[in-house]
Number of protein chains: 2
Amino acid sequence: MIESLRQHIAHRLGREPENIQQVLSHFEEIATKRGDHLLQAGDVCHYVYFVVEGCLQVYVMDKNGNESTREFYIEDQWVTDIFGFQHQSPSTEFIKCAEPSKLLRIHFNSFQTLSQQVPQFAAIYKQILEVSYTNTVYRVNTLMALDALDRIKWLMEHKPKIMSRLSSKLIASYLGISPETMTRLKAKL
Amino acid sequence: MIESLRQHIAHRLGREPENIQQVLSHFEEIATKRGDHLLQAGDVCHYVYFVVEGCLQVYVMDKNGNESTREFYIEDQWVTDIFGFQHQSPSTEFIKCAEPSKLLRIHFNSFQTLSQQVPQFAAIYKQILEVSYTNTVYRVNTLMALDALDRIKWLMEHKPKIMSRLSSKLIASYLGISPETMTRLKAKL
DNA sequence: TTTGCGCATTGATCTAGATCAAGACTTTAC
DNA sequence: GTAAAGTCTTGATCTAGATCAATGCGCAAA
């Protein structure tokens, strides 16, 4: 399990750093069932998660109690509530397992230590930030500029794994449409 | 004009770094009129801009030719099309001056040089990335989970400067609603 | 000072997508 | 294996917000 993180890091840096063992030693393995929550809105997020296997859903709850999914994270991706984690303040988001998952997690304290002491770790964090920011910018633009049908097409083209692995209901909550509309629009593809 | 960037950097780092002059020397001052474009979709974005005075609008065009504004940037903020800039690839976004503005810009080559050679510059860049990412995450969540009226209230509370400085039309394009709806909802506040 | 263009407002109408409801199907739990 | 719960689909209806159209109002250019 930790092996998959080792490879991820080596791949990101283009080589395996000499202090990789020090980095890996701060991570803890956990296994979850579908539906398990890793974070509830209002709680402080103490961890960054690395998905070894499975899928995590990050969402908020609207005033009618509907889930709006900001993002899904699958194998080889990093997940946290970035603001709440950095400031160790209550989160506005939920993190839930959309599939039974195998995860590695690193605690805030370890994260701080590694960021300061291991330049390679800081470098990876910067890379993750850039990719995450870039993705989120696209997310805003597709939400604003595309209608429901084009958002479905966008997802099929850009995130085919998400499209095929998850339930229509979850995908609808990611696309900002109701499950019924999802059904009807899929017929038009 | 460059003085404002000097202060911004000193403030971000908590002190004025000894090599500040080297950093500042890579920036070029430009002044713009309202409506000037700094980037057109399809072009490669060669610069990162620092807003000394004024306001920049970053937007995309939907298939009906409507502008969807991803973000407005005012004094003391950094602007670029992050993905296109980093990869020096054609942009999907436009950057336009929403007000006559005074800007400092740094070219991609200089940016690369400073990132590699000046740790303080890299540190500031990481800070900007974190803040930008955090803001964009909130943007996705407000777009998805709030209705039009609540998005207006959110903007008034969290970005009062934007709300009071810019035209209703521009604000509507940021909130993802039509100018007519904007007029009608403002009456309900 | 005039001309004209972009913006704001208001009213009338339209529509994409939501909501409500009901039946069939598929997982999950014991 | 059966009960219970969640999911998918289809139909009927509703609604938030878009679009179209007309008017008045700044404000910028000549």
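Here is the naming used below: chain letters follow the sequence lines, and residue numbers restart at 1 for every chain.
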Whichever of B:Glu180 and A:Thr181 has its nearest DNA chain C nucleotide further upstream toward 5': B:Glu180
N/O donor-acceptor pair under 3.5 Å between B:Glu75 side chain and B:Gly54 backbone: yes
Donor-acceptor side-chain pairing of B:Gln57 and B:Glu67 below 3.5 angstrom: yes
Criterion side-chain hydrogen bond (donor to acceptor under 3.5 Å, both in side chains) on B:Ser110 and B:Thr113, from CA distance to verdict: CA-CA 5 Å; B:Ser110 292; B:Thr113 307; 5.8 Å; no
Polar atom pairs (N or O), protein with nucleotides 25-30 of chain C, under 3.5 Å:
none

Under 3.5 Å side-chain donor-acceptor pair for B:Gln88 and B:His46: yes
Parallel, tilted or perpendicular, as decided by the 30° and 60° cut-offs, for the rings of B:Phe111 and B:Tyr125: perpendicular
B:Tyr47 six-ring centre to B:Arg105 NZ/CZ under 6.0 Å and within 45° of normal: yes
Touch class at under 4.0 angstrom, heavy-atom based, for A:Lys33 against every strand present: nothing
Sugar-phosphate, base or nothing in reach of B:Gly176, heavy atoms under 4.0 Å: sugar-phosphate
By salt bridge (charged side-chain N to carboxylate O under 4.0 Å, His left out) - contacts of B:Glu130 (at least two apart): none
Contact nearer the 5' end of DNA chain C, comparing B:Leu170 with B:Arg184: B:Leu170
Contact interval (first through last nucleotide) of DNA chain D with protein chain A, 4.0 Å heavy-atom: D:dT7 to D:dA12
Sugar-phosphate only, base, or nothing, as touched by A:Ser178 at under 4.0 Å among non-hydrogen atoms: base
B:Lys159, NZ atom: more than 12 neighbouring heavy atoms under 6.0 Å: yes
